[in-house]
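FYI, the numbering just counts along the sequence from 1. Numbering of ligands and ligand atoms starts at 1, following listing order.
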Amino acid sequence: MKHMFISDAHAHVEKEITVKGWLSNKRSSGKIAFLELRDGSGFIQAVVVKSAVSEETWGAVDALTQESSLAITGTVSAHPKKEDVFELQVVSIDIIHIAEEYPISNKEHGPDFLMNNRHLWLRSKKQWAILRIRDVVETAINEYLHIEHFIRTDSPIFTPNSCENTTDLFAVPYFDLGEAFLSQSGQLYIEAAISSVGRCYDFGPVFRAEKSVTKRHLTEFWMMDAEAAFVEHDENIGLQEGLVKHIVKSCLEKCTKEFEILERDTTPLKAVVEKSFTRYTYKEAIVKLQELGSDIKDGEDLGNDDEGMLTKDSDVPVFIEKWPSAIKPFYMKIDPDDSAIALCDDLIGIEGAGEIIGGSQREDDFDALLERIKEDGLDEKEYEWYTDLRKYGAVPHSGFGIGVERMVRWMSGVAHIRECIPFPRTVNRIKP
Ligand code: 4AD
Ligand code: MG
């Protein structure tokens, strides 16, 4: 019998096909049974009429427990009243595996229990929806970058030095070579690759040994770093806005079902696609925050609450650009008009999304870069390969990094980032 994915049911109406999947629910009156089946691509109700099937198939209905795997052969029918809903009129059932009593039921479970059972929890409808949104976000990122002439080059995970902040590094013993560090961002490496391919990006896991226990921090998360030759600060911001719009648009187009399952109101996302994002300089942001009642002082980093305050009444994400260089990493280019300022930006999402992107123009002058490295107390020898790039055809260039789980959290509208990656790693969790 021809195999069908549930998501393709519309193309198989009145045809006999086989669906392979898992049983998520079962109701039976003794004469007729309703099996809720999922195959990863979607959900479908299968109707078994006792008088229309063999004894063996009716026996299978009895035997099936929640999460058992099975193959159902039947005829696809369109739901008489609901558009885009299909059913399966069952001809026969083959049991693949009978599941033991499943620990996750429809009743409320605490987050700890669910996280301990993450390997099973992934099957739940909401988690399924989030996994699919994540896929759409990642695909959209890849699409947009290729439209803008970036190619994927990727960066190493074992690195000899820090990219962001020496206090957040995970160290691992590395044979006779001493210590290696897990990458915090592949940025420095793709800066080298732009002189080969012009515009490129990496996409992979990065690591921060940051003891932040919040709804937005993971110790292992996925980042896409993009880097482009001949792009300066303003154009860099334009690329970031274009990327976020492309991701949001893709989610609106492809995730209708998923948003419904998550009960996510998509009205705010529509404005994001249509309107221009707001731009504040760091100085403007500080003034605004102080007016709004924040006790933040000039020169300080923004906290979660500050980010929330700044975007509370905004229907579009907000760029905060031109930060004091003193609180930003060594690689950022100093503003030629103000030596205390770095040509950089953070993008803050709406609806409590927080910081989604960090980016900057890069210091392309050898002497200035070396000075920043020394000022930051970094070992210039370790960065020799990086400063070398400023000796051979240096060009103005810029880039940025987007946190995939931050974006997925915003799109899905879930409260906690731990649901936005299949197997989250946080300060308190590395299992399962
Ligand atoms: O702002 P960050 O630290 O920037 C960089 O690493 C640059 N080297 C990127 C670049 O220019 N190529 O991190 C970028 C993004 C943040 O805006 C945020 O979305 C996400 O990564 N992020 C985290 N996501 C989850 N958990 C954490 N602990 C995160 N830290 C940063
Ligand atoms: Mg940042």
Undergrad: Are Tyr201 and His146, when compared by the centres of their aromatic rings, separated by less than 6.0 Å?
TA: yes

Undergrad: Numbering the atoms of ligand 1 from 1, which are under 4.0 Å from a heavy atom of Ile357?
TA: 17 (O)

Undergrad: Which part of Asp346 is near ligand 1, with near meaning a heavy atom under 4.0 Å away: side chain, backbone, both or neither?
TA: neither

Undergrad: Return the closest protein heavy atom for atom 6 (O) of ligand 1 as residue, atom name and distance.
TA: Arg208 NH2, 2.9 Å

Undergrad: Would you say Lys20 has more than 12 foreign heavy atoms packed within less than 6.0 Å of its NZ?
TA: no

Undergrad: Give a yes or no on whether Asp305 atom CG has more than 12 heavy-atom contacts from other residues, nucleotides or ligands under 6.0 Å away.
TA: no

Undergrad: May I ask you to check whether over 12 heavy atoms, not counting those of Phe113, lie within 6.0 Å of atom CZ?
TA: yes

Undergrad: Identify which of Thr426, Leu218, Asp202 has a heavy atom lying nearest to atom 26 (N) of ligand 1.
TA: Leu218

Undergrad: Just checking Phe330 against Tyr383, ring centres under 6.0 Å apart?
TA: yes

Undergrad: Please report whether ligand 1 has a polar contact with Ser360, defined as an N or O pair separated by less than 3.5 Å (distance criterion only).
TA: no

Undergrad: Is Glu143 salt-bridged to Lys249, cutoff N-O under 4.0 Å?
TA: no

Undergrad: Hey, are Thr65 and Glu101 close enough side-chain-wise for a donor-acceptor pair under 3.5 Å?
TA: no

Undergrad: Return yes when Glu405 approaches ligand 1 closer than 4.0 angstrom through a heavy atom, no otherwise.
TA: no

Undergrad: Short question: side chain of Thr18, backbone of His3 - any donor-acceptor pair under 3.5 Å?
TA: no

Undergrad: Using a strict threshold of under 4.0 Å (side-chain N to carboxylate O), is an ion pair present between Asp112 and Arg429?
TA: yes

Undergrad: Of the protein's non-hydrogen atoms, which lies at the shortest distance from atom 7 (C) of ligand 1, and what is that distance?
TA: Glu164 OE2, 3.3 Å

Undergrad: For atom 14 (C) of ligand 1, which protein heavy atom lies nearest, and how many Å away is it?
TA: Met223 SD, 3.4 Å

Undergrad: Between Ile6 and Phe43, is there a side-chain heavy-atom distance shorter than 4.5 Å?
TA: no

Undergrad: Less than 4.0 Å is my threshold; does some heavy atom of Arg362 fall inside it relative to ligand 1?
TA: yes

Undergrad: For the CD atom on Glu263, are there more than 12 heavy atoms of other groups (residues, nucleotides or ligands in this structure) within a distance under 6.0 Å?
TA: no

Undergrad: Ion pair present between Lys254 and Asp135, side-chain N to carboxylate O less than 4.0 angstrom?
TA: no

Undergrad: Return the residue, atom name and 0.1 Å-rounded distance of the protein heavy atom closest to atom 1 (O) of ligand 1.
TA: Glu355 OE2, 3.0 Å

Undergrad: State whether the shortest distance between N or O atoms of Gln187 and N or O atoms of ligand 1 falls below 3.5 angstrom.
TA: yes

Undergrad: Between Arg199 (side chain) and Glu148 (backbone), is there a donor-acceptor pair under 3.5 Å?
TA: yes

Undergrad: Which bit of Tyr331 is near ligand 1, meaning a heavy atom under 4.0 Å away: side chain, backbone, both or neither?
TA: side chain

Undergrad: Provide, to 0.1 Å, the distance between atom 19 (O) of ligand 1 and the closest protein heavy atom, together with that atom's residue and name.
TA: Ile356 O, 2.7 Å

Undergrad: At less than 4.0 angstrom from any non-hydrogen atom of Gly401, what atoms of ligand 1 do you find?
TA: 9 (C), 10 (C), 11 (O), 12 (N), 14 (C), 15 (C)

Undergrad: Output the atom name for the N/O/S atom of Glu355 with the smallest distance to the Mg ion (ligand 2).
TA: OE2

Undergrad: With a cutoff of 4.0 Å, is Arg216 in contact with ligand 1, counting heavy atoms of the residue only?
TA: yes

Undergrad: For atom 18 (C) of ligand 1, what's the nearest protein heavy atom and its distance?
TA: Arg406 NH1, 3.6 Å

Undergrad: Looking only at protein heavy atoms, which one is nearest to atom 31 (C) of ligand 1, and how far off is it?
TA: Phe221 CZ, 3.4 Å

Undergrad: Within the 4.0 Å heavy-atom shell around Glu210, which atoms of ligand 1 are there?
TA: 28 (N)

Undergrad: Could you identify the single nearest non-hydrogen protein atom to atom 12 (N) of ligand 1 and state the distance to 0.1 Å?
TA: Asp225 OD1, 2.7 Å

Undergrad: Give the atom numbers and elements of ligand 1 that come within less than 4.0 Å of a heavy atom of Gly358.
TA: 1 (O), 9 (C), 10 (C), 11 (O), 17 (O)

